2 protein chains.
Amino acid sequence: MRKRGRPIEYDAQTALAAARDVFWATGFSASSLDALSEATGMNRPSLAGAFGDKEALYIATLEQYRDQGAAAMKETLSGARPLARELALLYASAIDLYLASKDAARGCLMIGTASVEAVSRPAVRNVLSQGLAEFNAIIEERLRKAVRDGEIGKDTDPAALAQIASAVLHSLAVRARAGDPRKSLERLARTAVGLICP
Amino acid sequence: MRKRGRPIEYDAQTALAAARDVFWATGFSASSLDALSEATGMNRPSLAGAFGDKEALYIATLEQYRDQGAAAMKETLSGARPLARELALLYASAIDLYLASKDAARGCLMIGTASVEAVSRPAVRNVLSQGLAEFNAIIEERLRKAVRDGEIGKDTDPAALAQIASAVLHSLAVRARAGDPRKSLERLARTAVGLICP
DNA sequence: AAATATATATGCGAAGCAGTACAAAATCAA
DNA sequence: TTGATTTTGTACTGCTTCGCATATATATTT
């Protein structure tokens with residue numbers, strides 16, 4: 001039995017992805033509801049009805065991004081391949097994502113745009129914090145397995161090393177948005193893999 | 001002989017520092033000229049006359065921040081002390097700076113606020129890019145000296161290792177703004193020093 | 001078919017914003 | 001003292017923004 005009333009014409013996930021692209025390019029504050037409305041194909045009242053105000057919409061895009069990113073990361077770091085290979089794949093796909101735009105490189109949505117708002121908007125800070133923590137935890141879990149399996153030294157501290165691996169990810173995001181060329185990012189990734197998997 | 005006309009009542013460097021604090025807390029787009037005017041004690045026409053439009057003012061604050069940061073960094077990495085000690089000092093002062101605010105931690109001005117604007121504002125992207133490159137170059141120079149002096153292995157690549165050391169700095173900036181506690185940042189710094197100076 | 005429920009479309013109004021024109025004030029030169 | 005020069009203060013204009021109020025469209029329920 002369908003819901004009463006006029007059926008919705010938009011798909012929430014699709015609209016969220018379109019809004020995400022706007023935020024990704026111009027950040028939260030510089031993204032107007034008009035621009036978001038045009039990108040999603042939803043007019044402003046529909047946007048408000050579906051997601052609430054601009055901050056709520058932004059947070060929804062961040063959560064979608066975080067969840068998709070975490071899922072992709074778990075797949076890459078599944079443990080099916082050697083650690084060094086999986087880490088290299090992780091960084092390679094991050095670089096691809098960060099440089100994907102046809103215009104200027106957009107880096108990471110969370111690091112590139114949520115960081116600014118995090119200071120004055122606690123809700124954004126929470127999503128950012130949880131996002132970073134989640135990504136870090138996935139890496140740490142993989143490193144823990146690597147220690148168990150003897151891929152890296154038994155005396156290494158997975159939590160500490162995960163912080164380093166995450167730091168490289170953060171740096172890739174920042175550098176990409178600053179306009180660093182792909183070669184430079186790839187070099188950092190290569191060095192990092194070598195350092196983490198000696 | 002003094003300049004003709006009514007004397008200036010503001011000090012450009014002081015005003016720039018005040019404007020910087022506003023941008024640091026709320027970012028470029030969310031900082032209104034009214035807020036900047038109030039913080040600097042200069043009214044809007046004076047601001048415009050002294051620095052140009054909002055973007056020009058923002059870039060001036062970024063450049064001031066970058067120059068002061070580079071100077072402090074060169075002093076810390078002077079080479080007067082062992083590499084491990086100087087690196088630890090570098091990270092410690094970065095953490096202090098990133099957590100200095102009484103309100104929510106502000107991280108690094110460039111990474112935290114210029115990253116967002118970098119995509120749509122080439123002038124900002126240039127300052128950010130040059131800033132990151134300059135900080136990286138100072139670290140690289142110190143590592144080069146460390147190789148010469150035998151502080152680290154003769155076979156290490158200073159440029160590659162500098163990218164890693166910079167990445168830790170970037171990560172500290174991001175994590176600080178995301179609300180990471182000091183302990184967590186200090187742990188990352190400790191691990192990084194241990195990894196870079198084995 | 002009528003009533004009801006939900007979604008979409010248009011448009012209005014209050015507020016905020018950036019940049020600037022113009023007048024007032026303060027100093028120097030003659 | 002008078003005029004020139006530069007900074008400061010006020011106020012204005014044109015624009016954007018957000019949120020909401022109202023009207024319209026499309027479905028289900030009775």
Side-chain angles (χ1 to χ4, degrees), chain A residues 1-62 113 116-117 120-121 123-124, chain B residues 1-16 18-62 113-114 116-117 119-124:
Chain A
M1 181 158 73
R2 286 182 65 172
K3 207 171 53 173
R4 280 180 75 158
R6 180 171 174 172
I8 54 179
E9 297 180 3
Y10 58 85
D11 173 66
Q13 292 301 309
T14 307
L16 226 45
R20 182 201 58 201
D21 285 344
V22 175
F23 285 129
W24 208 339
T26 55
F28 172 80
S29 293
S31 298
S32 72
L33 282 182
D34 279 336
L36 292 163
S37 175
E38 185 180 345
T40 57
M42 300 167 64
N43 47 33
R44 294 224 303 282
S46 292
L47 271 179
F51 303 108
D53 66 3
K54 197 170 94 166
E55 180 172 320
L57 171 60
Y58 179 56
I59 287 179
T61 67
L62 288 178
T113 76
V116 214
E117 309 300 330
S120 55
R121 297 177 188 271
V124 174
Chain B
M1 180 158 77
R2 286 182 65 174
K3 206 171 55 175
R4 282 182 71 158
R6 180 168 174 173
I8 300 180
E9 296 181 5
Y10 58 84
D11 173 67
Q13 291 302 308
T14 306
L16 226 45
R20 181 200 58 199
D21 285 344
V22 176
F23 285 130
W24 209 340
T26 55
F28 172 80
S29 294
S31 298
S32 72
L33 281 183
D34 279 335
L36 293 163
S37 176
E38 184 180 346
T40 56
M42 300 167 63
N43 48 33
R44 294 227 302 281
S46 292
L47 272 179
F51 303 109
D53 66 2
K54 198 170 95 167
E55 181 172 319
L57 171 59
Y58 179 55
I59 287 178
T61 67
L62 288 178
T113 75
V116 214
E117 309 299 330
V119 171
S120 55
R121 297 177 188 273
V124 175

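Just so you know, these numbers come straight off a predicted model, no measurement behind them. Each chain gets a letter, A, B and so on, in the order the sequences are listed, and its residues count up from 1.
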Sidechain-backbone polar pair: B:Tyr58 side chain, B:Ala114 backbone, donor-acceptor under 3.5 Å: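 Here the side-chain-to-backbone pair exists.
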
Check: A:Thr26/B:Ser120 side-chain N/O donor and acceptor closer than 3.5 Å: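 A:Thr26 vs B:Ser120: no donor-acceptor pair found between side chains.
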
Whole angstroms only, please: what is the [atom1]-[atom2] distance between [X] and [N]?
X       : N      : atom1 : atom2 : value
A:Glu38 : D:dT17 : CD    : C1'   : 16 Å
A:Leu47 : C:dT6  : CG    : P     : 20 Å
B:Arg6  : D:dT6  : CZ    : P     : 14 Å
B:Met42 : D:dT7  : CE    : C1'   : 10 Å
A:Glu55 : D:dT17 : CD    : P     : 18 Å
A:Asp53 : D:dC18 : CG    : C1'   : 10 Å
A:Tyr10 : C:dT8  : OH    : C1'   : 10 Å
B:Leu36 : C:dG16 : CG    : C1'   : 15 Å

Of A:Asp34 and B:Arg44, the one whose closest DNA chain D nucleotide lies more 5':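 Of the two residues, B:Arg44 wins.
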
Does [X] put a side-chain nitrogen or oxygen below 4.0 Å from OP1 or OP2 of [N]?
X       : N      : value
B:Ser46 : D:dT7  : no
B:Lys54 : C:dG19 : no
A:Asn43 : C:dT8  : no

B:Pro45 side-chain proximity, nearest of D:dC18, C:dA26, D:dG9: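 So the nucleotide nearest the side chain must be D:dG9.
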
From CA spacing to verdict: side-chain hydrogen bond (donor to acceptor under 3.5 Å, both in side chains), A:Ser46, A:Asn43: CA-CA 5 Å; A:Ser46 292; A:Asn43 47 33; 2.9 Å; yes

Touch class at under 4.0 angstrom, heavy-atom based, for B:Ser31 against every strand present: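 Sugar-phosphate contact only.
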
Greater than 12 external heavy atoms within 6.0 Å of A:Glu38's CD: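 At most 12 heavy atoms, drawn from other residues, nucleotides or ligands, come within 6.0 Å of this atom.
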
Flag side-chain contact, heavy atom, 4.5 Å: B:Lys54 against B:Leu36: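 With C-beta onward as the side chain, the pair touches.
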
